[in-house]
K.L.:
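Sharing a structure here in structure tokens format.
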Number of protein chains: 2
Amino acid sequence: MKKADSNSGSTTVYEVARVAGVSVATVSRYLNGTARVSDDKRKVIESVIDKLNYKPNMLAQSLKMGSSRTIGVLTQSLVSDYFNEAMSGIDQTMKAAGYAPLIVSGHWHASDEAERIELLIARRVDGLVILTGKLTDEQILSFSERVPIIAFGRELSAKNAFGFCLDNYKAACEAVEYLVMQGHRAIAFIAGPDQADARARLAGYRDTLERHGIDVNPSLIVPGDFQELGGVLAVNQLLESGQRFSAIFAANDLTAYGARLALYRRNIRVPEDISIIGFDDLHSSMYTTPPLTTVRQPLLEVGQRIGEAMLKLIGGQKVRFEVPPLSLVVRESVRRI
Amino acid sequence: MKKADSNSGSTTVYEVARVAGVSVATVSRYLNGTARVSDDKRKVIESVIDKLNYKPNMLAQSLKMGSSRTIGVLTQSLVSDYFNEAMSGIDQTMKAAGYAPLIVSGHWHASDEAERIELLIARRVDGLVILTGKLTDEQILSFSERVPIIAFGRELSAKNAFGFCLDNYKAACEAVEYLVMQGHRAIAFIAGPDQADARARLAGYRDTLERHGIDVNPSLIVPGDFQELGGVLAVNQLLESGQRFSAIFAANDLTAYGARLALYRRNIRVPEDISIIGFDDLHSSMYTTPPLTTVRQPLLEVGQRIGEAMLKLIGGQKVRFEVPPLSLVVRESVRRI
DNA sequence: TTGAAAGCGCTACCAA
DNA sequence: TTGGTAGCGCTTTCAA
């Protein structure tokens, strides 16, 4: 009874119990439906809770229960449409299950990522989702001994961790295939950073060209950075090299936007003079001029799947699911020649 | 000593204390530097912490200290570049102060917002930032009795709450002024939703026109929704109305993107045939074709300011700051006629 | 400088 | 059905 008049800001179960003339245990039972509470007590508790505007302290609940109903999400950039679409999917399914996301950013920097993850673990998140990044699989596996992990952008399958990739290679093949079918032969590729997805897209480009008996011309492959700026620089380099090409496969949509602007600056029309195809299908790609033909990554769905997988992992179940497929979305930035 | 061998997953202070042969109090003191700890004890504690890989349980700390070192952020959309830039600024300054953000979305729906805020309060966030939204000032003030609040998108000044707006009206005036200076007289306006900022922009449009003795033509004002789709619909409506105009002032950049696409579809060139000016200066606006002339909202800075203000409010200090100014950024979507 | 112990707000066990 | 109480992991008096 000593705790009954706590001086801290919010009302506690003790207050409620005291005012209602019952024990804290009964209040707790009422709150959680753990056991039957007689009608009269229930009513009085209800009214007291209402009068005192009592809200349970989740911190205390978490400490007691050993579960914070919070999951950590490690993204790489808070301002990336790409990551945020997945985030949105994760949020949807986790919120429905009563979880809130603690979002931190690793900025594509392994040591930052590790540090942020430690923070998340210190906060006792019930699970952790890692959106790509620079950590090694070993590091992730090691973290997974302390918290269940779902990783996007790497294949992983352990007791307490699951990771998956979308089939970037296959989708890149499709994209290039499409270009070839439209009559393009001299196809430039603006690469991405040194990262698995980017490499898979490059490989798809190379292999598809070869499969069609088209020589891959090394000077048609230029570096990019998955950002718009890389796209403009790349096109400048391509143009200055004097190489001829009728189409550009950009490693992602952002790169395509930059490429498109560089072309615009030189009065080169898209798609009349040069065709462009992107990768990601960011929302904005529907509204570029011309609307961008690109590979769709179903990121919202990916996020939802991640959420479901997380829930399973937390519940101690085995995770296993169909990886959503990528698909080409044809808009207006590629011309048949 | 009874707690020494807790069975829960992680190591606790008790474990550390036992192995190190000291009391938990001493371990705690070492951890927080609350008091001097003798060199020998310090060393052994250090090594035990290391060996056991002990990490303090922040949940327990929070419960004890009455502070979760977490702030809640209520945004309206997890996938909005606009909100996320501010989010990024908030994250920067709060992270530096050891706070982590719990991000929830209200989807521009008052009852959702209220519900999410309750959730944040239940999780005992130390502060709350509200990015615009549909709540009334009264509601916010009422919430501020339970948690310190910084609000963006409304003027507010109370004991435990502070809110501010950017000067949308003035910036809209500048934008229209610029159009007029470039020789435009027939200027269409694509409005935003029923919301303070959108209204201020409309007012700026109206007043500036009048100030220049230009009649405001009601059929040149068409509705929009702050999204791309609203922009295309608006331009279609404008064009079909048969009204003549040489420039469009879009209530925000997204709207401008949509408008630009609608124009593209009809082979109307920008800026040769019609000029467009936007509002927000989203990152993408640098890469549209042509790059968009627009009003810059320094959202990253806004976020940082919010973070600083939050820290002050949490610290019980008075909040008061210069609201960062908006500014016109001239790119290539407006032509002099 | 150190340790014992109280208590943050809650849940759940054990008795009644 | 109910109440008393231990204890989640931590910090911080109070004494020594």
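Here is how names work: the chains are called A, B, and so on, in the same order as the sequence lines, proteins then strands, and each is numbered from 1.
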K.L.:
Could you state the CZ-C1' distance from B/R18 to C/dG3, rounded to the nearest angstrom?
P.N.:
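Nearest whole value for this atom pair: 17 Å.
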K.L.:
I need the A/L102 CG to B/T70 OG1 distance, nearest 0.5 Å.
P.N.:
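Taking CG in A/L102 and OG1 in B/T70, the distance rounds to 6.5 Å.
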K.L.:
Given axes from five pairs at either end, by how many degrees does the helix from C/dT1-D/dA16 to C/dA16-D/dT1 bend, rounded to 10°?
P.N.:
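Taking the rotation axis at each end, their angle is 40°.
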K.L.:
A/E113: which residues meet the side chain to side chain donor-acceptor pair (under 3.5 Å) condition with it, sequence neighbours left out?
P.N.:
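Applying side chain to side chain donor-acceptor pair (under 3.5 Å) to A/E113 gives none.
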K.L.:
Please give, in whole Å, the distance from D/dT11 C1' to A/L63 CG?
P.N.:
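Interatomic distance, CG of A/L63 to C1' of D/dT11: 13 Å.
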K.L.:
What is the distance from OH of B/Y30 to P of D/dG9, rounded to the nearest Å?
P.N.:
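Computing the B/Y30:OH to D/dG9:P distance gives 21 Å.
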K.L.:
Specify the separation, in whole Å, of atom CZ of B/R69 and atom C1' of D/dT11.
P.N.:
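Going from CZ in B/R69 over to C1' in D/dT11 covers 15 Å.
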K.L.:
Where along nucleotides 11-16 of chain C does protein come under 4.0 Å, by heavy atom, of base (B) or sugar-phosphate alone (S), with - for untouched nucleotides?
P.N.:
BBB---
K.L.:
Closest heavy-atom contact between A/L313 and A/K159?
P.N.:
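Smallest heavy-atom distance, with atoms named: CD1-O, 4.3 Å.
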K.L.:
To the nearest 0.5 Å, how far apart are CG in A/N160 and CZ in A/F143?
P.N.:
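Taking CG in A/N160 and CZ in A/F143, the distance rounds to 13.5 Å.
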K.L.:
Name all residues meeting the side chain to side chain donor-acceptor pair (under 3.5 Å) criterion together with A/N53; count only those two or more places apart in sequence or in a different chain, and write none if there are none.
P.N.:
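Once residues adjacent in sequence are excluded, A/N53 has no partner under the side chain to side chain donor-acceptor pair (under 3.5 Å) criterion.
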K.L.:
With sequence neighbours left out, what residues match A/D50 under side chain to side chain donor-acceptor pair (under 3.5 Å)?
P.N.:
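By the side chain to side chain donor-acceptor pair (under 3.5 Å) rule, A/D50 matches no residue at all.
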K.L.:
Starting at atom CZ of A/R124, determine the distance to atom P of D/dC8, rounded to an integer number of angstrom.
P.N.:
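Atom-to-atom, A/R124 to D/dC8, this comes out as 14 Å.
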K.L.:
Between A/W108 and A/F83, what is the ring plane arrangement, given parallel below 30°, perpendicular above 60°, and tilted in between?
P.N.:
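Plane angle between 30° and 60°, so tilted.
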K.L.:
Could I get the full list of side chain to side chain donor-acceptor pair (under 3.5 Å) partners for B/S80, not counting sequence neighbours?
P.N.:
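Checked B/S80 against side chain to side chain donor-acceptor pair (under 3.5 Å); zero matches.
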K.L.:
Restricting to non-hydrogen atoms, name the atom on B/T93 and the atom on B/G307 that form the minimum distance, rounded to 0.1 Å.
P.N.:
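Looking at all heavy atoms of both residues, the closest pair is OG1-CA, 3.1 Å.
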K.L.:
Just N and O in the side chain of B/S23: are any of them under 4.0 Å from OP1 or OP2 of C/dG3?
P.N.:
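Indeed, a polar side-chain atom of B/S23 lies that close.
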K.L.:
In whole Å, what is the span from the CE atom of A/M58 to the C1' atom of C/dC8?
P.N.:
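Taking atom C1' of C/dC8 as the reference, CE of A/M58 is at 17 Å.
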K.L.:
CZ of A/R123 versus C1' of D/dG9: gap in Å, rounded?
P.N.:
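Going from A/R123 (CZ) to D/dG9 (C1'), I get 16 Å.
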K.L.:
Over how many whole Å does the gap from A/L59 atom CG to C/dC8 atom P extend?
P.N.:
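It is 14 Å, rounded to the nearest whole Å.
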